[in-house]
Amino acid sequence: MKRKVTAILLVLCMASSVVLGGCSNDKNEGGSATDNELSKNPVEGGSIVVGISQDVDGLDPHMAESAGTREVLFNIYEGLVKPDSDGVLQDAVASDHGVSEDAKVYTFTLREGVKFHDGNEVTAEDVKYSIERCADTSNGEPLVSAYSIIESVNVLDENTVEIRLSEPDTEFLFNMTTAIIPKDSARTIDANPIGTGPFAYSSRNEGDSITLKKNEEYWGEKAHLDEVVFKVVADADMLVSYLKGGSLDMVMRLTNAQAAELTEGFRIEEGTMNLVQALYLNNAVEPLNNEKVRRALCYAINPDEIMDMMNDGKGVRIGTHMLPGYKAYYNGELTNYYGQDYEKAKELLKEAGYEDGFDLEITVSAADQPHVDTAQVIREQLKNIGVNVTINPVEWEYWLEEVYGNRNFESTVVGVDAKTLSARSLLERFKSDGGSNFINFSDEEYDEVLSQAIASMDGEGQTKCYMKLQEILTEKAASVYIQDLASLVALRDDFDGYEFYPLYVQDMAKIYRVE
Amino acid sequence: MKYKGHSHNFTLGLGITVFMVALILLGFLWTPYEPDAMQGSLKLNAPSILHLFGTDQFGRDIFSRVLVGAGSTLVIAAGTILIGGLAGVALGAVCGYFGGWLDEGVMRVCDALAAFPSVLLALVIISIAGSGKYKVMVALGIAFIPSFARIVRGEFMRLREADFVIGARLIGVPTPRILFVHILPNILPSLLSSLAIGFNNAALAEAGLSYLGIGVQPPDASLGRMLSESQTYLASGVWCAAFPGVFLVLLVLGVGLLGEGILDRFGGGR
Amino acid sequence: MKYVIKKILGLIITLLIVSMLTFFAFELIPGDPARSILGTDGTLEQVQALREEMGLNRPLPQRYGEWVFNFLHGDMGNSYYYQKSVQDLIGDRIPITVAMTILSFSMILVLSVAVSIFSVRYANRLFDRIFLIVDQIMMSVPPFFIGIIFTAVFGLTLHWFTPGGYVSYEKDVGGFIGYLILPSLAIALPRAAMAAKLLRSSLLDEMQKDYVRTAYSRGNGPWRVLLHHVLKNGILPVITFLGMTAADIIANSIVVEQVFGIPGVGRMLISSISKRDYPVVEAIIVLIAVVTLVMNILVDALYKKLDKRIEVI
Amino acid sequence: MLDVERLSIHFEDRGRREEAVKNVSFQLADGKILGIVGESGSGKTMTALTIAGLKKQRAVIDGGSVCLDGVDLLTLDDAQMRSVQGARIGMIFQEPMSALNPTMKIGKQLEEVLVLHAKLSKEERRNKVFAAMEDVELENPRELYEKYPHELSGGMRQRAMLAAAIVCRPKLLIADEPTTALDVQTQDGILGLLKKLNQKYGMSILFISHNLRVVEKLCGRVLVMKSGEVVEEGSVEAIFGNPQTEYTRELIAAIPDACGKNWKDGATVEQDEAVAEEIAVWQGEAVADENAMEKDVLEPKKVLEVCHLNAYYREGRVRRQILQDVSFTLHEGEIVGLVGGSGSGKTTLCKCVLGLLKEYDGVVIHHTKRPQMVFQDPYGSLNPRKTIGWILEEPLKVQGGFSKEERRRKAEEMLERVHLPKEFYKRYPKELSGGQRQRVSIATALMTGTKFILADEPLSALDVTVQAQMIELLKELQEKEKICYLFVSHDLDVVHLLCDRVLKVEGKTVTSMYG
């Protein structure tokens, strides 16, 4: 509700993006501080203050809701496997892992000498406890929805754990990034977080800041910094003055205009936000239920013009509900499937019986300036085909309940992210009866191909299905796909080592101080 | 208390107010550019003859946005003192003149309302009714009733025992006529000046609300929002903050001086 | 004594009205805290289950009665969002807002008295003339705009303070107070300008009174007359004005906390309202009301102490 | 001791130059009392203030000198003058209510003079203050020391001011109309005190007043001033014995003398009526022999009957009785005085008669239409925002049934009956003098057609000459319009002159007295 609370920064994290885990398994083309050689000579130790737009909603890794929370907790907790900056799953708490022939049994051997922050060794029991906690279906949905197919978690010996699935799933490894926490720590974990990550929890002042300190006995490459303070800056407009003023050292997801202000004393890293921004159309509502009308909108709206206006052209254009970062799955030709062509759009509208246009309401979360501005540019563009748009800015809570929950909207501009690295988590959403299919898209062919993809054993076939699904979304114009927004990170120049992840995380262990 | 410094207030105040209101009225009819039209090429341009107040981070013409923004501030502030004023006068007159339980009760409610920071009251009402110009006006109007009621009540209590009021009662003048024909004209000067002060507080409160993102919602322009957005560009585009701020101050200053001038010119009730 | 009881009774009634208004208001506001906590992937059953658990489905009067009962026992309930008791949550924020309020209140008093005395002593001379113009302008500037100017001038250019560099009082009280000076000044300036104008005109009125002439006839110099005799009488109307500004100071502090990044009660209030965190909002509103009303009572007492003419009303 | 030579002062008011004092010269020898008499605007107060160094900035001294013991005060700078003020010149003023600082204890205000002028210890100062209090006959000075001005009566406050003025034993005491605002008993008290101080300490007194009777009682020599000039000077006997100038004779003639009436006490109601008839007849003769008008000697109609009235003052639940068993009757054409000390219940009686106070039992019967009232303060009795015409027409509007022209004609006619020009119809109250406003009040009262007017000290705020004209008007209306007045006043001279009989309110009862 408060414009400030979900300001620009939020455009990427949970509040404005529909949270469904997923991460690309390849570095996004946006490019970042490419090869990560240590520019100046690093100085160990020191402290950094990172600006975040909204306080974490809790410190319990399994209950973490917003992407903003997971972004911070990535530094405290680790799963059996852990994505690296290239998006490739590396072994973490587990030293290695094996998958059975029928992709139904996954076995993990624990790494020697991995300790929790409270000094205790990580045991197989802890792993079993953590996995089962997320798979528990006692009060409806399990904490991690993908775990619904787990049959059992068995401790083979004190450092090997075996997970049996009720049905084959070649991509199940992606879900093994769930945090490992000490046995029976469910009730205390939120107030007293214990994990195995490079940083340990130090203190918290609700709504204002969270402080993490270096984990001296980290099993892997230790962090350089002694302390990291995540400071809540609700008002995006204050970021630049706080950075310049010196009270903040690093801020993520700046707009181009903001970054332009930080001329000297700062290093600007460029990447993308891993969000599918689109004009999502409610397929159940007149006249959007008519495919021709939806296609007409696709012809009228020009993503390139939006990107120019918003971020001086920065950002990556997309043509379907898939992130370019997912190189293996991204269906490149769909990007320019709809070139801007007002005549064709008008023709389609005529065919659909809406020759002199119609009224369209775009509901948008008032706090996300980029989405509000995108809506305004769309309004100017749609004027050319007689569609007059009214923009209805609402509070985030209201958007969550009315648009996403009750699906009572005509169209909305928002960014949808993916929770896990698997393409399925992005595309599964649009199953006709999908719980989170908030645009009411329904197409038998789409459902058919989706179930094929899930069942198929070989990666090759699976990828072909995912490609087909993307085609259907684009051809049927389920929504008007626009871009994966540019994300700029400002880092004070006495720090270095920032690395973009294809996932919604900030790896503070890589950051180091330089003279 | 005619001090030389004061007599200018009226003329100065009237001058500034008329100038600002004229500009705003112009804004209602015509603005050099479409307030929301964005020009990618003209981002953060300094003030020039083309763009008197320069352009903001989206290349929008600040002069047009200030006019439209000030327009909504003016409308909201005027609406607020209308609602607050009318209700306040009626309530204050009745309580001040009759006193007793009614007065005690109403004053308690007024204290309760006054204990609410007007920002909060506006917040609550806007959340219920949804944001937008007219809802902010109603919210602030209600928030301002207590202050007007209290001022009018004080004046009525003071004049309740005045000789000419007792004289009127003896003649047999009916009470409503005593209240609004006999007593009211005598408190007009102080009422007008408190309306001027009320206008100022309302304008500032509206700016505060839209600064917090509660008042006027995008894409409508509002001075408070423009000020808040300008903070990012203080270094490279200070005019984004300067012009909306100065415009708001001038509007409030003009009305303030006018209120002060009225008090001097027509002799305050005090 | 009757006066004190009457005042306290009034306070309690007002507080009840305030808390009822808030409780009722939250019933009307769209948005449901359970959904707000569960976020996007909470299914309908989960939302209902959580509502049940949080007791949101019980009738309004019952919940309100229970809330008042707990409140009186110092238990303000738990925050929906932070799974923490409201006291702890607000506990360390109240001193910040209270410190800021006291700081700006004293700034208003000191500034207005000092400036108006000088301007009355040299009435109609240069100082007085300038004072009138500057004063009128100061009254028209909103606190958050002053905040922006302070940030730009003192923060970014002169680097007298680090914008956003709030220091918590646990770590370093000196730094804490130091950082609060500018925000408090931003809140105080417009109010001080109004108080100064009021004080100046009331002092000028008092100067016309007969007892001033008597004081002069005894051989008092102008300064002595002003400080010993006139100030005490002249300040009375200003005190009532200050009483009324308590609510405004807190309202403005909500906005100024935003500009200077101070984790005060104001910001928590705004974010809690948008998160539909009812217990936190309830507690803050009632606390703000208590602080405002207590301030009003203090001001009344101060007024009575200064001016003996007012018997116990 | 005090030698004023050709003192002249003028006022600079918005460019207009007003001569306030034109070369006034006089001497005041040691131990003598000099009275300065004159109407308001005669410059007497301005002269006194200049001597005491208290003149306003707007007044400019053109020339002349004011020598106190050979030192010309006009040449002293501020600091030197301050050493004289309070130490060598003491001053007391007219309004005891506002001449003392309301928020400062009496003791402290008295002590201030000593603090400024004498180097004494706190103890010594307190004793000197107590001594001064005894000098001015204030009982229990120790208790009074701690009290505040509003806790003292008018007389006590005047004495306190006097004590403050004389605590340093000044050579000269200037008294600016000290007794005007006091009632008769306290007035004599203060005059006695001044005489005592004059004899005891040889303190010379400069006494300014517009009340010649008081000046006659107190002063040795008298100075008569008119519009800034000394018209006549001489000993009291000379001035009052055979006044030289025309103006002085006029002043002396205007003093209302009691013409020797002595009042009998204790008459009953019946006797009231008998005597009332006798008076009506007597008045008839008095009027008859003047203009031989035929007088209807019918039994005069009753205007107001008050029988067994008990009035109370309610404070919360406590009910104090103010008036007990009050009965009297007023008849048309009768002027009845109402006298009594302040706090004797006089005001309560008026309120009961007018129906403004409901806390009474017993009977009040009005035989006329609504009783009307004329107030003491001419400035408050007329609605400042309305024209005289509007005020006069208000009663007709209330009765209704009159057209606009009729109302206007009646209003103008009434203006003539109270000897005011018709043009006043359009004027505003603030453009009229005190006397003229009282005439408008009376006119408004008559517009209601009432026969009973309660006049609450209508003349006390007016100048002597204007008072005389008002008395003529009241008498004229009594005869022509048969108006009955209840005339409240503490100025016994006026009461004796005007009233046929007098009601004395004392100790909760009302007694009738006849001339």
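Since we're looking at a predicted model, the values are computed, not measured. Scope of the values below: all heavy atoms of this structure, side chains included, with no hydrogens, waters or symmetry mates. Chain A is the first sequence line, chain B the second, and so forth, proteins listed ahead of strands; every chain is numbered from 1.
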* To do: May I ask you to test the Met207(C)-Leu226(C) pair for a side-chain heavy-atom distance under 4.5 Å?
  => yes
* To do: Find the one option among Lys209(C), Glu206(C), Arg224(C) whose heavy-atom pairs under 4.5 Å with chain D are most numerous.
  => Arg224(C)
* Looking only at atom types and distance, does a side-chain atom of Arg157(D) sit under 3.5 Å from a main-chain N or O of Leu152(D), one as donor and one as acceptor? -> yes
* With sequence neighbours excluded, residues passing side-chain hydrogen bond (donor to acceptor under 3.5 Å, both in side chains) with Thr186(D) -> Asp183(D)
* Side chain, backbone, both or neither of Leu49(D) within contact of chain C (heavy atoms, under 4.5 Å) -> side chain
* Keeping the roles fixed (side chain from Lys232(C), backbone from Thr103(D)), state whether a donor-acceptor pair exists under 3.5 Å. => yes
* Asked: Backbone N or O of Arg142(D) within a donor-acceptor pair of the Asn140(D) side chain at under 3.5 Å?
  -> no
* Donor-acceptor under 3.5 Å (Gln208(C) side chain, Asp205(C) main chain) -> no
* Asked: Is a side-chain donor or acceptor of Asp72(D) paired with a backbone partner of Cys67(D) at a separation under 3.5 angstrom?
  -> no
* Check each atom of Gln94(D) against the heavy atoms of chain C and say whether the ones under 4.5 Å are side chain, backbone, both or neither. => neither
* **Contact winner vs chain C - Ile174(D), Val115(D), Val113(D), Asn101(D), heavy-atom pairs under 4.5 Å** => Asn101(D)
* Asked: Short question: side chain of Thr214(C), backbone of Ala99(D) - any donor-acceptor pair under 3.5 Å?
  -> yes
* Check each atom of Leu116(D) against the heavy atoms of chain C and say whether the ones under 4.5 Å are side chain, backbone, both or neither. => side chain
* Structure fact -> If you tally heavy-atom pairs under 4.5 Å between each of Glu112(D), Met81(D), Met104(D), Met161(D) and chain C, the highest tally belongs to Glu112(D)
* For Met91(D), the option from Leu206(D), Leu173(D), Leu54(D) that meets side chain to side chain contact (heavy atoms under 4.5 Å, CB included) -> Leu54(D)
* Which members of residues 107-119 of chain C, sorted by number, sit under 4.5 angstrom from chain D on a heavy-atom basis? -> none
* **Proximal component of Ala164(D), with respect to chain C [non-hydrogen, under 4.5 Å]** => side chain
